[in-house]
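Report on the structure given below.
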Amino acid sequence: MVVVRKVLLQAALIIAAFILHTSVFPHLAFNGIIPNVLLLLTVFSSFQQGLNTGMVTGVCCGLLCDVFYGSVTGIYGMFYLLIGLFAGSMARYFYKDELLFPVAVIAISDLFYNFVMYVTWFLLRGRFDFQTYLQSIILPELVYTLVLAILCLPFIALLNRRARRIHIEEKDSDAGNAEKFLEKNP
């Protein structure tokens, strides 16, 4: 039951993040730049729930982008999978309640994502003006994404503390139910 609840919650978060990314934040664009909400969700999921959850979240977010934006299915899925893998691998070395580390991982992930986008969509097509791309797209998106991440961190930390508390309470109640069963049926 707990696993089903976690999967449904993660699916709802992915859909909510995609809706925010595609319909809300384009109206809040700054010079045509929007924060990468799907990257935030992938990194937060990897950091808080582990490597596997982060990678699955990344693939799902990427496949949504592939279906709605991409010309080749799987490109965004692979990029977000790699981001989930990186963030989940880094999360092993730090406390889950630490606030500065996820921001650093988000910054590195956003730089990686945008650099790979530049190579994939611009450099291979003969557009070599990296400095313009860096100044007009990469850095503004990085700043916007980091500001959103910093604003979301207290909320994410609160949700994770509550989720851990509920998980511990469910384990305790399951153990209590097993003990009652064993007392009634020796």
Side-chain angles (χ1 to χ4, degrees), residues 10-48 54-91 98-160:
Q10 199 65 27
L13 286 173
I14 291 168
I15 292 169
F18 187 73
I19 290 170
L20 285 172
H21 188 75
T22 57
S23 59
V24 174
F25 281 107
H27 297 293
L28 303 173
F30 179 72
N31 287 338
I33 303 297
I34 63 171
N36 196 335
V37 181
L38 299 173
L39 183 131
L40 289 177
L41 178 63
T42 301
V43 171
F44 284 142
S45 296
S46 295
F47 191 71
Q48 295 294 331
M55 288 172 45
V56 170
T57 301
V59 167
C60 292
C61 290
L63 288 177
L64 280 173
C65 288
D66 282 327
V67 168
F68 288 98
Y69 299 135
S71 57
V72 178
T73 304
I75 297 290
Y76 288 102
M78 182 183 65
F79 295 155
Y80 281 102
L81 170 83
L82 292 174
I83 290 168
L85 175 68
F86 170 71
S89 297
M90 293 291 106
E98 189 172 339
L99 298 179
L100 183 60
F101 181 68
V103 173
V105 172
I106 288 167
I108 293 168
S109 299
D110 195 61
L111 287 171
F112 166 76
Y113 175 81
N114 280 309
F115 180 73
V116 170
M117 286 295 129
Y118 168 75
V119 169
T120 305
W121 301 117
F122 293 100
L123 186 64
L124 294 177
R125 294 183 181 172
R127 298 178 188 165
F128 298 110
D129 195 11
F130 180 72
Q131 184 175 0
T132 303
Y133 189 79
L134 178 71
Q135 291 174 344
S136 63
I137 295 177
I138 293 177
L139 293 179
E141 182 184 312
L142 175 66
V143 171
Y144 204 174
T145 302
L146 288 176
V147 167
L148 183 63
I150 291 169
L151 293 174
C152 290
L153 272 173
F155 178 69
I156 298 294
L158 175 69
L159 284 177
N160 282 316

For [X] and [Y], which heavy atoms make the closest approach, and how far apart are they?
X      : Y      : value
Ile34  : Glu141 : O-CG, 3.6 Å
Val105 : Ala87  : CG1-CB, 3.7 Å
Pro102 : Phe44  : CB-CE2, 4.1 Å
Ser46  : Gly88  : CB-N, 3.4 Å
Cys61  : Leu41  : SG-CD2, 4.1 Å
Phe47  : Ala91  : CD1-CB, 3.3 Å

- Query: Going through the distances and angles, do Ser89 and Leu85 end up as a side chain to side chain contact (heavy atoms under 4.5 Å, CB included)?
  - Reply: CA-CA 6 Å; Ser89 297; Leu85 175 68; 4.1 Å; yes

- Query: Ignoring hydrogens and geometry, is there a side-chain-to-backbone donor-acceptor pair from Asp66 to Gly77 under 3.5 Å?
  - Reply: yes

- Passes side chain to side chain contact (heavy atoms under 4.5 Å, CB included), Phe86 versus Val43? Steps please. CA-CA 9 Å; Phe86 170 71; Val43 171; over 6 Å; no

- Report the C-alpha separation of Leu28 and Tyr144 in whole Å, then their side-chain angles, then the decisive distance to 0.1 Å, and conclude whether the side chain to side chain contact (heavy atoms under 4.5 Å, CB included) test is met. CA-CA 11 Å; Leu28 303 173; Tyr144 204 174; 3.6 Å; yes

- Message: Under the rule for ring pair (Phe, Tyr, Trp, His ring centres under 6.0 Å), what residues qualify as partners of Tyr118, not counting sequence neighbours?
- Response: Phe130, Tyr133

Looking at [atom1] of [X] and [atom2] of [Y], how far apart are the two atoms once the value is rounded to the nearest 0.5 Å?
X      : Y      : atom1 : atom2 : answer
Phe115 : Thr120 : CZ    : OG1   : 9.5 Å
Asn31  : Ile137 : CG    : CD1   : 11.0 Å
Asn36  : Ile106 : CG    : CD1   : 10.0 Å
Leu139 : Leu134 : CG    : CG    : 4.0 Å
Ile14  : Ser45  : CD1   : OG    : 7.0 Å
Thr42  : Leu82  : OG1   : CG    : 11.5 Å

- Query: With a 6.0 Å cut-off on ring centres, are Phe112 and Phe79 close enough?
  - Reply: no

- Does atom OH of Tyr69 have more than 12 heavy-atom neighbours from other groups under 6.0 Å away? yes

Any [X] side-chain heavy atom under 4.5 Å of [Y] side chain:
X      : Y      : result
Leu142 : Asn114 : no
Phe25  : Leu148 : yes
Tyr80  : Leu38  : yes
Cys60  : Val56  : yes

- Check the angle between the aromatic planes of Tyr76 and Tyr113 and answer parallel, tilted or perpendicular using the 30° and 60° thresholds. tilted

